[in-house]
2 protein chains.
Amino acid sequence: MDKQISQAVIRRLPRYYRYLGELLDDGVERISSNDLSKRMHVTASQIRQDLNNFGGFGQQGYGYNVAYLHDEIGNILGVNDTHNVIVIGAGNLGQAIAGYVKFERVGFKIIGLFDVNPELKGKMVRDLPVQMLDELPEFIKNNNVEIAALTLPKQNAKSTALKLVSLGVHAIWNFAHVDLDDIPDVVIENVHLSDSLMQLSYNITQHKK
Amino acid sequence: MDKQISQAVIRRLPRYYRYLGELLDDGVERISSNDLSKRMHVTASQIRQDLNNFGGFGQQGYGYNVAYLHDEIGNILGVNDTHNVIVIGAGNLGQAIAGYVKFERVGFKIIGLFDVNPELKGKMVRDLPVQMLDELPEFIKNNNVEIAALTLPKQNAKSTALKLVSLGVHAIWNFAHVDLDDIPDVVIENVHLSDSLMQLSYNITQHKK
DNA sequence: GCCCTATTGTTAAAATCTTGACATAGTTTT
DNA sequence: AAAACTATGTCAAGATTTTAACAATAGGGC
C-alpha cells in the first residue's frame with residue numbers, strides 16, 4: 001500500500017540527515033522547519049512536505065526533536081543497519097573509496113578489495129589485502145556482501161556487474177564511466193564524476209556571461 | 001535574452017555527451033532521437049525538447065549528425081576549452097581525482113596539488129609535486145587556475161573555499177562532506193559521496209520489500 | 001488550568017517538467 | 001522529378017513537484 005516516494009524526495013533525505021547530524025553534534029535539541037529551512041536554503045514547506053511522506057515526526061507548536069528525527073531518517077535510509085561493502089578495482093579511486101567509507105559514521109563497512117592486476121595481489125590497503133578477482137566467488141559465499149563498489153575501467157564494468165549479480169550481490173555503487181542498465185534484480189547507484197565536472201563547467205560558462 | 005535553462009536539462013547534457021562520444025567512437029555518423037532514446041532509456045520527446053533549448057541541431061527526415069551534435073553539446077558544456085584545475089587535499093581521494101581527471105579526454109588539466117601536511121611536501125603524484133598551502137597565493141598569481149577541487153576534511157572546507165575565492169578562483173568542485181553556501185561570486189558543484197551511498201542504501205531497503 | 005503563541009500537517013494553487021501528437025520539412029526511392 | 005517516407009521542432013496536454021496558505025493542535029506562560 002506504500003505510496004511510492006519520488007526520487008526527488010529521496011535525493012534530499014541524505015542532506016536532511018547530514019544537517020540533523022550536525023545539529024545533534026552541536027547539542028541542539030529541537031528545530032522548527034523554519035529554522036532548518038534557513039540553514040539549508042530550502043523552503044520550510046518543502047521540509048514539512050518531504051518529512052510527511054514518511055509520517056508525522058514533529059509536533060505543532062514545538063517543531064522536531066533533532067535526535068528523534070535524525071534517527072528516523074536514518075531508519076528510512078537504512079543507515080542504522082550495517083552494510084558490508086566490497087570494492088572492485090584497487091586503483092587510486094578504489095583505495096580512496098575504501099578509506100572514505102570507513103571514515104563515515106554511517107553503517108557501511110568495507111570488508112574486501114579486489115583487482116585483476118596480479119602485481120597488486122596481497123598489497124595491504126589499510127587493513128585489507130588486495131585479492132584477485134577469481135577469489136570473489138569463494139569470498140562472497142563466505143561473507144555477507146551487500147554492496148559492491150565498482151571502480152574500474154568502463155570496458156570491464158558491465159561484465160563484472162553481471163558476474164556480481166550472479167554471485168548474489170544485488171547492489172552496485174558504480175563509479176565506472178558508463179551506465180549500467182539492463183541488469184535485472186540489482187539496485188544501482190551511479191556516480192559519474194565527469195558528469196559532475198561538466199555541470200560545473202557549464203555553470204562556469206554561464207557565470208561568465 | 002537567453003531563457004534560463006533548467007538544471008534538470010543541464011544534468012542530462014553530460015549524459016548525452018557521453019553517449020554521443022561512444023557513438024562517435026563506434027563510427028556511427030547519424031542518429032535519430034528515437035534510436036538514441038532506446039539506448040539511453042529516456043523518451044525521444046525529451047531528447048528533442050532538451051536539445052531544442054539550445055537550437056535546432058537536427059534535420060527532419062535525417063536525424064542528428066553525431067559528430068556535430070557531440071561538438072555542439074561540448075560547446076554548451078564548455079568542455080571544448082581547456083580548464084586548469086588544482087586539487088586541495090592530497091589524500092587518497094585527491095590523488096584519485098588528480099589521476100582521474102587527467103585520464104578524461106575532456107579539457108580539464110590538473111596543474112597543481114596542495115596539502116597542509118608537511119610530510120607530503122614534494123611527494124610526486126604522477127608528474128606533480130605536492131605543494132604546501134602557503135604556496136597557493138603565489139601559484140595562483142602565476143597560473144591561470146579556474147577550478148579548485150576540494151578533497152579535505154569538512155572542518156577546513158569553508159575557510160579554504162573563502163581563501164580560494166579571495167585569491168581569484170571562482171569555481172569549486174567540492175568533495176568535502178559539507179555544503180558550501182553563502183559564498184558569493186563562486187560557482188560550486190558539490191559531490192557528496194556519502195549522500196549517494198545513502199540513496200543506494202534507501203533503494204536497497206525498498207527493493208527488499 | 002486557560003489563553004496565547006508557535007509550528008505542524010495538510011490542502012490547494014502555482015510552477016515546472018515530461019510526454020504525446022502532429023504539421024512541416026528534408027531525405028530517399030523509384 | 002514526384003511520391004513516399006522519415007524524423008525534427010513545436011505546441012499543448014498531462015504529470016509531477018514546489019510553494020503558499022491555513023486550520024488544527026500542542027507547548028509555554030500566566
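Each chain gets a letter, A, B and so on, in the order the sequences are listed, and its residues count up from 1.
The distance from the OH atom of B:Tyr62 to the CD atom of B:Glu29 is 6.0 Å, given to the nearest 0.5 Å. Taking CZ of B:Arg48 as the reference point, atom OG of B:Ser37 lies at 8.5 Å (rounded to 0.5 Å). To the nearest 0.5 Å, atom CD1 of residue A:Ile183 and atom CD1 of residue A:Ile188 are 4.5 Å apart. The structure places CE of A:Met198 at 13.0 Å from CZ of B:Arg15, a figure rounded to the nearest 0.5 Å. Atoms CD1 and CG, from B:Ile47 and B:Leu36 in turn, are 4.0 Å apart once rounded to the nearest 0.5 Å.
The heavy-atom pair separating A:Asp185 from A:Val165 by the smallest distance is O-CG1, 4.4 Å.
Of the possible polar contacts, none joining the B:Asn143 side chain to the B:Val145 backbone as a donor-acceptor pair under 3.5 Å is found. Under a 3.5 Å cut-off, the side chain of B:Asn203 and the backbone N or O of B:Gln199 do form a donor-acceptor pair.
In summary, of the residues considered (B:Val79, B:Thr82, B:Asn84), a side chain to side chain contact (heavy atoms under 4.5 Å, CB included) with B:Phe108 occurs for B:Val79 alone. Tested against A:Ile172 for a side chain to side chain contact (heavy atoms under 4.5 Å, CB included), the candidates A:Val187, A:Ile88, A:Val186 yield a single pass: A:Val186.
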Give me the distances for all protein-to-nucleotides 17-19 of chain C N/O pairs that come in under 3.5 Å?
| from | atom 1 | to | atom 2 | distance (Å) |
| --- | --- | --- | --- | --- |
| C:dT18 | OP1 | B:Arg12 | NH1 | 3.0 |
| C:dT18 | OP2 | B:Arg12 | NH1 | 3.2 |
| C:dT18 | OP2 | B:Arg12 | NH2 | 2.8 |
| C:dT19 | OP2 | B:Thr43 | OG1 | 3.1 |
| C:dT19 | O4 | B:Gln49 | NE2 | 2.5 |

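By the ring-ring contact (aromatic ring centres under 6.0 Å, His included) test, B:Phe139 pairs with B:Phe114, sequence neighbours left out.
The footprint of chain B on DNA chain D, defined by a heavy-atom cutoff below 4.0 Å, extends from D:dT6 to D:dA12.
Rounded to an integer number of Å, the gap from CG of A:Asn53 to C1' of C:dT10 is 12 Å.
Under the 3.5 Å distance criterion, with hydrogens and angles disregarded, a donor-acceptor pair is assigned to the side chains of A:His41 and B:Asp182. With 3.5 Å as the limit, one finds no donor-acceptor pair spanning the side chains of A:Asn65 and A:His70. Side chains of B:Tyr17 and A:Asp195: a donor-acceptor N/O pair is absent below 3.5 angstrom, by distance only.
Between the axis at the start and the axis at the end of the helix from C:dG1-D:dC30 to C:dT30-D:dA1 there is an angle of 30°, using five pairs per end and rounding to 10 degrees.
Contacts between residues 55-68 of chain A and DNA chain C, counted as heavy-atom distances below 4.0 Å, involve A:Gly56, A:Phe57, A:Gly58, A:Gln59, A:Gln60, A:Gly61, A:Tyr62, A:Gly63, A:Tyr64. At a non-hydrogen distance threshold of 4.0 Å, A:Ser32, A:Ser33 from residues 29-38 of chain A come into contact with DNA chain C.
Counting only heavy atoms from C-beta outward, the side chains of A:Val178 and A:Asn190 never approach each other to under 4.5 Å.
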